[in-house]
Amino acid sequence: EAFLISVPVGLMVTSILYYQSLPDMKTDESVGKRTLAVRLGKGPAFAVLILWLAVVYATIVALLISGLLTRLGLLSLLTIPIFFRLVGIVRRTKDWIFLDR
């Protein structure tokens with residue numbers, strides 16, 4: 001049970017690290033650093049970010065439905081508007097280096 005409950009947390013940490021790699025795509029590519037975002041390219045890297053964060057919320061909902069997470073877990077769903085705001089910011093930002101600010 002503890003492992004299953006920790007899965008959304010691990011996924012969220014991973015998504016934060018992935019997001020932090022997006023502003024560095026140009027410089028990483030210029031020095032030959034082949035991060036996942038560089039390998040995917042801008043469009044697919046954006047899609048993976050959305051998918052990854054959607055999986056975070058899906059695992060939280062699955063844990064709530066299964067009863068492994070209490071009703072307090074619903075509070076984590078209050079961050080969904082932040083997710084949509086992030087998606088909008090990334091979508092509108094032409095040069096992703098500005099995502100680092």
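FYI, the numbering just counts along the sequence from 1.
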Heavy-atom closest contact ([X] atom, [Y] atom, distance):
{"X": "Val38", "Y": "Arg34", "result": "CG1-NH1, 3.9 Å"}
{"X": "Gly73", "Y": "Ile60", "result": "O-CG2, 4.1 Å"}
{"X": "Ile5", "Y": "Leu68", "result": "CD1-O, 3.2 Å"}
{"X": "Thr93", "Y": "Ile89", "result": "OG1-O, 2.6 Å"}

Is there side-chain contact between [X] and [Y], with at least one heavy-atom pair below 4.5 Å?
{"X": "Pro8", "Y": "Leu63", "result": "yes"}
{"X": "Thr35", "Y": "Arg39", "result": "no"}
{"X": "Leu53", "Y": "Leu86", "result": "yes"}
{"X": "Leu64", "Y": "Leu77", "result": "yes"}

For residues [X] and [Y]: do they belong to one hydrophobic cluster (side chain heavy atoms under 4.5 Å, members Ile, Leu, Val, Met, Phe, Trp, Tyr)?
{"X": "Leu17", "Y": "Ile82", "answer": "no"}
{"X": "Val87", "Y": "Leu78", "answer": "no"}
{"X": "Ile97", "Y": "Phe46", "answer": "no"}
{"X": "Leu72", "Y": "Ile80", "answer": "no"}
{"X": "Leu75", "Y": "Ile65", "answer": "no"}

Just how far is it from atom [atom1] of [X] to atom [atom2] of [Y], taken to the nearest 0.5 Å?
{"X": "Leu40", "Y": "Ser21", "atom1": "CG", "atom2": "OG", "answer": "9.5 Å"}
{"X": "Leu49", "Y": "Arg91", "atom1": "CG", "atom2": "CZ", "answer": "11.0 Å"}
{"X": "Leu22", "Y": "Lys42", "atom1": "CG", "atom2": "NZ", "answer": "10.0 Å"}
{"X": "Leu4", "Y": "Leu69", "atom1": "CG", "atom2": "CG", "answer": "11.0 Å"}
{"X": "Ser30", "Y": "Met25", "atom1": "OG", "atom2": "CE", "answer": "12.0 Å"}
{"X": "Ser6", "Y": "Glu1", "atom1": "OG", "atom2": "CD", "answer": "12.0 Å"}

Donor-acceptor contact present, side-chain Tyr18 to main-chain Ala45, <3.5 Å: yes
Go through Tyr19 and Leu99 one step at a time and tell me if the side chain to side chain contact (heavy atoms under 4.5 Å, CB included) criterion holds. CA-CA 9 Å; Tyr19 172 81; Leu99 295 176; 3.6 Å; yes
Show me the pairs that pass salt bridge (Lys or Arg N to Asp or Glu O under 4.0 Å) and involve residues 55-78, at least two apart or across chains. none
For Lys26, what residues pass the salt bridge (Lys or Arg N to Asp or Glu O under 4.0 Å) criterion, not counting sequence neighbours? Asp95
ring-ring contact (aromatic ring centres under 6.0 Å, His included): pairs with one or both residues in residues 48-101, sequence neighbours excluded: Tyr57-Phe83
From Thr14, Val13, Val7, Val9, residue fulfilling side chain to side chain contact (heavy atoms under 4.5 Å, CB included) relative to Leu11: Val7
